[in-house]
Amino acid sequence: MASVSLPIHSLATATLGVPRIGPRRELKSALEAHWAGRLEETALEETAAALRAAGWARQHALGITQIPSGDFSLYDHVLDTAVMVGAIPERFGWSGGPVPLATRFAMARGTSSAGRSPDADGCGHAGHGGTPREGGVAALEMTKWFDTNYHYLVPELTGDQRFTLADTKPLDHFLEAKALGYHTRPVLLGPVTFLKLAKAATPDVNPLALLDRLVPVYADLLARLAEVGADWVQIDEPCLAGDIDAPTRTALHRAYSAFARAVPDIRVLLATYFGPLGDALDLAVSLPVAGLHADLVRAPGQLVPLVERAPREMLLSLGVVNGRNVWRTDLSALLDRLEPVLATRRSDRIEIAPSCSLLHVPVDLAQEDDLDPEIASWLAFGVQKMEELQVIATALQSGRDAVGEALAASHAAVASRAASPHVHDAAVAARLAAVTPRMSRRESPFADRAERQRRLLDLPAFPTTTIGSFPQTAEVRKARAAHARGRLSDGDYEHFLAEETARAIRFQEEIGLDVLVHGEFERNDMVQYFGERLSGFAFTRNAWVQSYGSRCVRPPIVYGDVARPKPMTVARWQQAQALTRKPLKGMLTGPVTILNWSFVRDDLPRETVCRQIALAIRDEVRELEAAGARIIQIDEAALREGLPLRKDDWPAYLDWATEAFRLSACVVSDETQIHTHMCYSEFNDILDAIAGMDADVISIETSRSHMELLGAFRAGAYPNEIGPGVYDIHSPRVPPVEEMAELLRLARERLADDQLWVNPDCGLKTRGWPEVRAALANMVAAAREIRAELSEAAE
Ligand code: GLN
Ligand code: ZN
C-alpha cells in the first residue's frame, strides 16, 4: 500500500471483541498456575490486565476505531454476566458484597474436598461441568455457545431470583482502557439472551419472566458507564439469530425501550450474529437503539433489506469479514457489494466489522512459521482480519486506489486458491460425482443384519464394551511429545505403543469384557489424528482458539479436497486383534465430527466437504473389514453440535449429515457390525435422524440422568441396539456394582433385552488406571448380575 496520507475517515471499524487467551496462551498458563496454587491472585490479575492492554494496543495500531472493552474474561463472559447481576446460586455461599475471584472459579469449575476442580472430561472438546464432587460444590453446567466450539457456563436462576449489580467488570475495564488512553465501547451480553441461555432451578420458572427484575440492573450499569464517559455500548443479543417467539420479541422491546428511557445518554449498538435476522429484521430495526450490527457473512442477502429498512439515523455495523473462519476475504468482490450501499447512506452511519467477535479465530497468522506458504497466503487470523477491516473502510471512504496494493494482494490470494492443484484433486471430484444412493445403504435391513451378526459374534446377552480410549497417562503423553519432537525414534515409539496396547488388552481380558478396544494410545485428539493422515488438511502450531476457560483447541484447517492416501488404523488394529480371540473394535472418527471440529474451506458447500471426508473414512472402513474386523465403531461425538440455530434448517443438515455417516459406514457386508458413539443423550428432537444413521449399535451418555433420557428411545421408537452409558466417566468416582445394575434394570424397563449393551458414557482417556480398573470390573459384574436375572426369569 502506497503511503499516501489517507484522509481521516469517519467510517468506523470495529472488532466486537477479540481473543482473550493471548498470542501464546498466556492466560491459560496464568490460570492453571493460579489454580495449582503457584500464582497469586494479584499476579493473575496483572497478567490479565497486560493481555487486555496488549489487545487494545494491537487494535489501535491496526486502525480499529471502535475498540471494545469488557469483552475480556478470566473464564467466560456468560459467567461474568451472571456474576455481574448477582445471579450466584446459593451453594456458592455468596452473601452480597464484592464477588471473590474464588467464587467465580467455583462457579466455573466446582470445588472438591480435595480442592481439585473437575475440568477434565472424556470428550475431546467439550467439558460438561455440573458433576458434583464428593464433599464439594458442583460447577454450573457448561454448554456450547450457539453453533460455535466455544462453551459457556449456564446461569442458574430461581423463581424468586433477585438481581443486583454485584460486579462492575464493564465499568472497570472501560476505566482501565481510559487510563491507557483508549476510548472504548463497552460490550455487554444482552439481558434477553442472558435469560434465554439461563436454566431455571425448577421447571416451573421461566427465566424470561424475570426480565423486569433484570432490566434495572442493566440500566444502573449503563448509567454508571455514561457517568464515566462512555457514549456507545455494544449489547449482544445473538438470540436474534435463532428462533424467537412472541415472548422474546416482547422482552426485547421492553428491555431496549427501558434502556432508551432510563439512560438516554448512552447509545446502544445492538449486536446480532451467527445467522440471518430473518423474520426478526423488522423487529431489530424498530427497537429504540442507535445502532445495529448484522452478520453479513452467514447472511449476505441481508445487506440490502437491512439498509432499506433501517432508519436513516441508525448506525449499521456491517459484519462482512468472517469472524468464524480463517480465510482471507475476497475484498474486491466485497467492495462490489458494499459500494452501492454507501451511495445511499452517510458514511458516519456505517461501520465495518467482522461478522461476530474475533474470539472464534486464532490471534495472528504471523505466528505460523511452519505452515506451507501457499496455504498461509490464503489465510487471515484475528490480526489479518483487522487489517482487512481497515482496507475495506479506506476503500469505501477514499476509493479503491487508496488501497490498490492491498486489493491486489487479496485478489492474488483468491486467484491462487481457486487454481491451486493442492486444493483441487480431480480424482476426488470424480469419485464424488460417482456416488450413488446405493452406497449409503446397507445391504439388508437391520433385523436381518442383527441376526447374522449375532450368529457370527456369539456374544452373551448384555455384551460389555468400552468407548475406545484408555487412560492417557503422563507416560503416554510424554512418549508422544518426545516422538513429535524427534527425541523418540519411530521404532521406539511404536514399541512403546504396542506395549501399552498389549497391556490394555490383557487387562480387558482379565476383567472379562466381551468386545475389546486397542486403547487409542497413539491418538492425541480424535480429529487431529485422522486429519494428520488425510490429504487436504493443514495443522497449525499456535493457532489456538478458546474452547472454555483455560482450554483451547487448535482446529485443523480443511483447505483442499480430502482423500486418504493410505490406511490410518489398520496395522494397529491387526496388531491388537492378534493378541486376543475376543472381537476387537476398529475405531474411527466420523465425517460429521471431523467437519464440525475443523475450520472448513469456504469455496465448497459444507456438505460436499463432509461427503469427501466420508469417502476417505469409507476407504478405511473397507480395509478394516478386509483385514478381519467384525465390529467397526465410527464416532460422531459432534453430530448434534452442527445443528443450525433455526429449527427450520435442521432437516436439511440432518439429511446430509446422516447420509455422510452412512456413506462412510455402508461399505461393509451385513455381517460386519457398525457402532457409533455420541457423548450426549439429548435425542428427543433428532431421534429420527439418529435412527436414520442405521448404525447397528449406538453408545450414548445416560448415566447422569438415570436413564431418563432413554425415554426417547423407548421400545419401537429406536429399532437398533443401544449402549446407554452406565458409568459416568466425567467423575473419578468408582460406581458400585449395584448402582450400575440398577441403571441397567432401568434401561430394561425402556428397551428390549436384545437391544442392550453395557458400556461407560464415553472414552476413558482422562481417567486414571486405578479407578478405571475398579469401575470396569464393577461394570462387568453388573452385566453378569443382570444376565443372571434374565436366565432366572427364563426358567
Ligand atoms: N473413541 C473415543 C474415545 O473413547 C470417543 C471420544 C468421544 O466421544 N469424545 O476417546
Ligand atoms: Zn464420548
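Counting starts at 1 for both ligands and their atoms, following the listed order.
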Exercise for the section: Provide the full list of salt bridge (Lys or Arg N to Asp or Glu O under 4.0 Å) pairs with a residue in residues 457-469, sequence neighbours left out, each pair given once. Expected result: none
Practice task
Take atom CZ of Arg541 as the centre, draw a 6.0 Å sphere, and report whether it contains more than 12 heavy atoms from other residues, nucleotides or ligands.
Solution key: no
Practice task
Step through the shown structure and confirm whether more than 12 heavy atoms of other residues, nucleotides or ligands are within 6.0 Å of CD on Glu738.
Solution key: yes
Atom indices of ligand 1, in the order listed, that fall short of 4.0 Å to a heavy atom of [X]:
| X | answer |
| --- | --- |
| Gly468 | 4 (O) |
| Ile467 | 1 (N), 4 (O) |
| Met526 | 6 (C), 7 (C), 9 (N) |
| Cys679 | 7 (C), 8 (O), 9 (N) |
| Gly763 | 3 (C), 4 (O), 10 (O) |

Exercise for the section: Return a yes/no value for Gln633: is any of its N or O atoms, backbone included, closer than 3.5 angstrom to an N or O of ligand 1? Expected result: no
Practice task
Would you check whether Cys762 has a nitrogen or oxygen atom less than 3.5 angstrom from a nitrogen or oxygen atom of ligand 1?
Solution key: no
Problem - Geometry at the Zn ion (ligand 2) - Cys762 SG versus His677 NE2 angle, rounded to 10 degrees - result: 120°
Fill in the blank from the handout: Checking heavy atoms under 4.0 Å, the part of Ser469 that sits near ligand 1 is both
Handout entry: ligand 1 versus His677: contacting region, heavy-atom distance under 4.0 Å
Key = side chain
Problem - Identified salt bridge (Lys or Arg N to Asp or Glu O under 4.0 Å) counterpart of Glu620 within the set Arg533, Arg564, Arg572, Lys566 - result: Arg564
Exercise for the section: Compute the centroid of each ring, for Phe274 and then for His360, and state whether the two points are separated by less than 6.0 Å. Expected result: yes
Handout entry: Test salt bridge (Lys or Arg N to Asp or Glu O under 4.0 Å) applied to Arg618 - qualifying residues, sequence neighbours left out
Key = none
Handout entry: Phe713 six-ring centre to Arg750 NZ/CZ under 6.0 Å and within 45° of normal
Key = no
